[in-house]
Amino acid sequence: MPIRFGAIADDFTGATDLAALLSRSGWPVSLRLGLPNPDDEPVAPFEIIALKIRTIPVEKAVEKALAAAQWLEQAGAKRFYWKYCSTFDSTPKGNIGPVSEALMQRLGASQTIYCPAFPENGRSVFMGHLFVGEQPLDESPMKDHPLTPMRDSSLVRLLSPQVSSPVGLANRLVVAKGVQALRERLDTLKTEGVLHVVVDAVADDDLTVTAEATMGFRLVTGGSALAMPLPKLLADAGELSGSRGQETQVRVGEGQLVLSGSCSAMTRRQVARYLPAAKSHRLDPLALAEQGVEPALDWLRDIPIEEAKLIYATAEPDEVRHYQQALGVEKSGALVEEALARIAQEAAKLGISRFVVAGGETSGAVVNALGVRQLSIGKEIAPGVPWTFTNSGDRTIALALKSGNFGAEDFFAQALSLLEAS
Ligand code: ADP
């Protein structure tokens, strides 16, 4: 099946989010975790490569993104997409801007756009400012993120220090006028030397206009929702061949475990909601530094695999600050990620087949530890969060990989019950 669309995502949950929205179209979507081997064959018209480059040093992020673009290009991709978080998670150094610039150069893209809006999940961009629900980004819980605290809501200001040429804006008033008006605005900006353009979107219709206006672009960047109209646009343009897939039906083994390494506001509520329903074990970064992960593994081994279980490092912002002051930001994060990854390995060894993982970075660490290379996409649990399936030996493992603020308060129970029903 020829590949038309190649996407590079900066973390694993971002990639599953994109996969979920694209697969709503019914066209097959393949999600690869980490760089494919050069001789791996493309299997779907929509190929997504999930990297873990959101918070690594800029040069490394660029190197990996370029290697992913090379595989996608060789596999036949004609259109490229750089997917980052709908809350524009980045620092003044990057990695959103530097990766965009490197991809533009590699792919010969003369201009690109930036649109992280995801209206269905309450992320909108108006006059260049990103909102989470009704709050500007810098007043939302993202201001306290452990790795990428977002202290400004202006995407133009956030992006400017990350790229080497001016950043412009195509605002909602232009987008509301339609495809032609947006194309003209982008062309005008290009003649003025503006190669990086933030595009407003407050509703799905704005995204459809923007996706259509940029159909001729070699590279588009944004959150997942901007890619949602693409399957239809590509099909209408006669660019998709083959048949639409059926929803993946799979038999998953027993045993369930919720692993939470996200400290985002919604995850904190999800953990609180699930605690009374499950046996739980809390990871304390200071204790991890002193005693390692063995006590958590012992705890896990003692609980029958069919019981509901939750292992979490999720903590309130002041507690996180306390751990970060004691251990350093990177060290405390790494200790938790490594612990949850090791716990996931042990759980798989114990026969647990159903995993719900909260946290983008955390999910990346867990799938790496489980040696997962490729996932098929199943039912959507919440907007942008599907069940995903991978083969491990003679059984199928199911993974729900949720980034911080996604899902409703009862997400953990909801996800597991959806799997029971399938
Ligand atoms: P989200 O999707 O909410 O951003 P991530 O997993 O991407 O979640 O990021 C959360 C980061 O915070 C991870 O690196 C994780 O290891 C770290 N972390 C989790 N719990 C704690 C804690 N109690 N103290 C310090 N850091 C923590």
Side-chain angles (χ1 to χ4, degrees), residues 9-18 50-56 83-91 95-96 116 118 121 123 132 137 140-150 223-224 258-272 280-290 293 296 310-344 355-369 382 384-385 399-407 409 411-412:
D10 70 350
D11 86 340
F12 291 94
T13 47
T16 50
D17 166 13
L18 178 61
L51 299 175
K52 191 172 182 313
I53 59 172
R54 184 170 294 169
T55 55
I56 67 171
K83 154 74 179 77
Y84 39 79
C85 190
S86 62
T87 43
F88 212 71
D89 301 19
S90 56
T91 69
N95 290 340
I96 293 175
F118 192 167
N121 268 350
R123 316 291 196 268
V132 177
L137 179 65
S140 79
M142 279 305 295
K143 68 183 188 305
D144 297 316
H145 190 276
L147 305 176
T148 49
M150 301 307 289
S224 54
V258 178
L259 295 170
S260 180
S262 157
C263 299
S264 298
M266 182 46 89
T267 307
R268 299 203 302 271
R269 295 194 350 230
Q270 289 162 340
V271 166
S280 62
H281 180 84
R282 182 171 183 191
L283 296 176
D284 174 327
L286 287 168
L288 284 174
E290 277 170 25
V293 69
L310 164 67
I311 299 182
Y312 65 107
T314 306
E316 297 298 317
D318 53 343
E319 294 172 289
V320 172
R321 271 191 292 277
H322 164 72
Y323 293 125
Q324 291 181 332
Q325 272 157 13
L327 296 163
V329 175
E330 267 174 43
K331 172 104 188 277
S332 52
L335 274 169
V336 169
E337 285 179 35
E338 281 160 24
L340 288 168
R342 176 70 192 90
I343 291 164
F355 293 85
V356 179
V357 186
E361 296 292 325
T362 307
S363 295
V366 165
V367 293
N368 270 342
V385 195
L399 294 151
L401 307 167
K402 180 201 87 83
S403 78
N405 284 313
F406 279 33
E409 229 166 81
F411 178 84
F412 298 153

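Counting starts at 1 for both ligands and their atoms, in listed order. Below, all heavy atoms of this structure are taken into account, side chains as well, without hydrogens, waters or symmetry copies.
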Visitor: Closer than 4.0 Å to some heavy atom of Cys263 - which atoms of ligand 1 meet that?
Guide: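 Result: 19 (C), 20 (N), 21 (C).
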Visitor: Taking 4.0 angstrom as the limit and counting only heavy atoms of Pro146, give me the atoms of ligand 1 inside it, by number and element.
Guide: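 In order of numbering, the contacting atoms are 12 (O).
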Visitor: With distance as the sole criterion, is a donor-acceptor pair present between the side chains of Thr314 and Ser260 under 3.5 Å?
Guide: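 Side chains of Thr314 and Ser260: pair found under 3.5 Å.
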Visitor: Suppose I only count heavy atoms of Gly404 and a 4.0 Å limit; which atoms of ligand 1 are within that range?
Guide: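 Under 4.0 Å from Gly404, ligand 1 has these atoms: 1 (P), 2 (O), 3 (O).
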Visitor: Might you confirm whether atom CD of Glu330 has over 12 heavy atoms from other residues, nucleotides or ligands at distances under 6.0 Å?
Guide: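 Not buried by this count: 12 neighbours or fewer within 6.0 Å.
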Visitor: Before accepting this row, confirm whether a basic side-chain N of the pair Arg268/Glu319 lies closer than 4.0 Å to the acidic partner's carboxylate O.
Guide: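 A salt bridge is absent here (no side-chain N lies under 4.0 Å from a carboxylate O).
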Visitor: Which atoms of ligand 1 sit under 4.0 Å from any heavy atom of Gly360?
Guide: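 Those qualifying, in numeric order: 1 (P), 2 (O), 5 (P), 6 (O), 7 (O), 8 (O).
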Visitor: At a non-hydrogen distance cut-off of under 4.0 Å, which region of Glu319 contacts ligand 1 (side chain, backbone, both, or neither)?
Guide: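 It is neither; nothing of Glu319 touches ligand 1.
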Visitor: Thr362 heavy atoms, cut-off 4.0 Å: which ligand 1 atoms fall inside?
Guide: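 Once the distances to Thr362 are compared, the set is 6 (O).
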Visitor: Considering only protein heavy atoms, which is closest to atom 4 (O) of ligand 1, and at what distance to one decimal place?
Guide: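 Going by distance alone, atom 4 (O) of ligand 1 is nearest to His145 NE2, 2.6 Å.
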Visitor: Is it the case that the side chain of Asp10 and the backbone of Tyr84 share a donor-acceptor pair, with hydrogens and angles ignored and the cut-off at 3.5 Å?
Guide: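 It does not hold such a pair.
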Visitor: Give the numbers and elements of all ligand 1 atoms closer than 4.0 Å to a heavy atom of Ala315.
Guide: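 So the answer, numbered in order with elements, is 23 (N).
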Visitor: Evaluating non-hydrogen atoms only, which member of Glu361, Lys402, Glu337 is closest to atom 14 (O) of ligand 1?
Guide: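 Nearest option to atom 14 (O) of ligand 1, by heavy atoms: Glu337.
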Visitor: Can you give me the closest heavy-atom contact between Gly261 and Leu340, atom names plus distance?
Guide: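 Nearest pair, atom of Gly261 first, then Leu340: CA-CD1, 3.6 Å.
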Visitor: Report the part of Ala313 in contact with ligand 1, treating N, CA, C, O as backbone and CB onward as side chain, heavy atoms under 4.0 Å; options are side chain, backbone, both, neither.
Guide: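 Under 4.0 Å from ligand 1, Ala313 contributes backbone and side-chain atoms.
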Visitor: For atom 3 (O) of ligand 1, find the nearest protein heavy atom and state the residue, atom name and distance (0.1 Å precision).
Guide: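 Result: Ser264 OG, 2.5 Å.
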Visitor: Strictly by modelled atom types, are Ser262 and Lys402 linked by a side-chain donor-acceptor pair under 3.5 Å?
Guide: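 No, because no side-chain N or O of Ser262 sits under 3.5 Å from a partner of the opposite role on Lys402.
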Visitor: So, Asn121 side chain and Arg123 main chain: donor-acceptor pair closer than 3.5 Å or not?
Guide: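 No, because the side chain of Asn121 does not come within donor-acceptor range (under 3.5 Å) of the backbone of Arg123.
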Visitor: Within a strict 4.5 Å, meaning less than it, do heavy atoms of the Phe118 and Asp17 side chains meet?
Guide: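 A side-chain contact under 4.5 Å exists here.
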Visitor: Give the residue, atom name and distance (to 0.1 Å) of the protein heavy atom nearest atom 8 (O) of ligand 1.
Guide: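 Checking every protein heavy atom, the shortest distance to atom 8 (O) of ligand 1 gives Gly359 CA, 3.4 Å.
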Visitor: In ligand 1, which numbered atoms sit nearer than 4.0 Å to a non-hydrogen atom of Ser332?
Guide: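 Selected atoms, number and element: 25 (C).
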Visitor: Do the non-hydrogen side-chain atoms of Thr148 and Thr91 ever get within less than 4.5 Å of each other?
Guide: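 Answer yes - side chains close enough.
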Visitor: Who gets closest to atom 11 (C) of ligand 1 by heavy atom: Gly261, Pro285, Gly333?
Guide: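 Ranked by closest heavy atom to atom 11 (C) of ligand 1, first place is Gly261.
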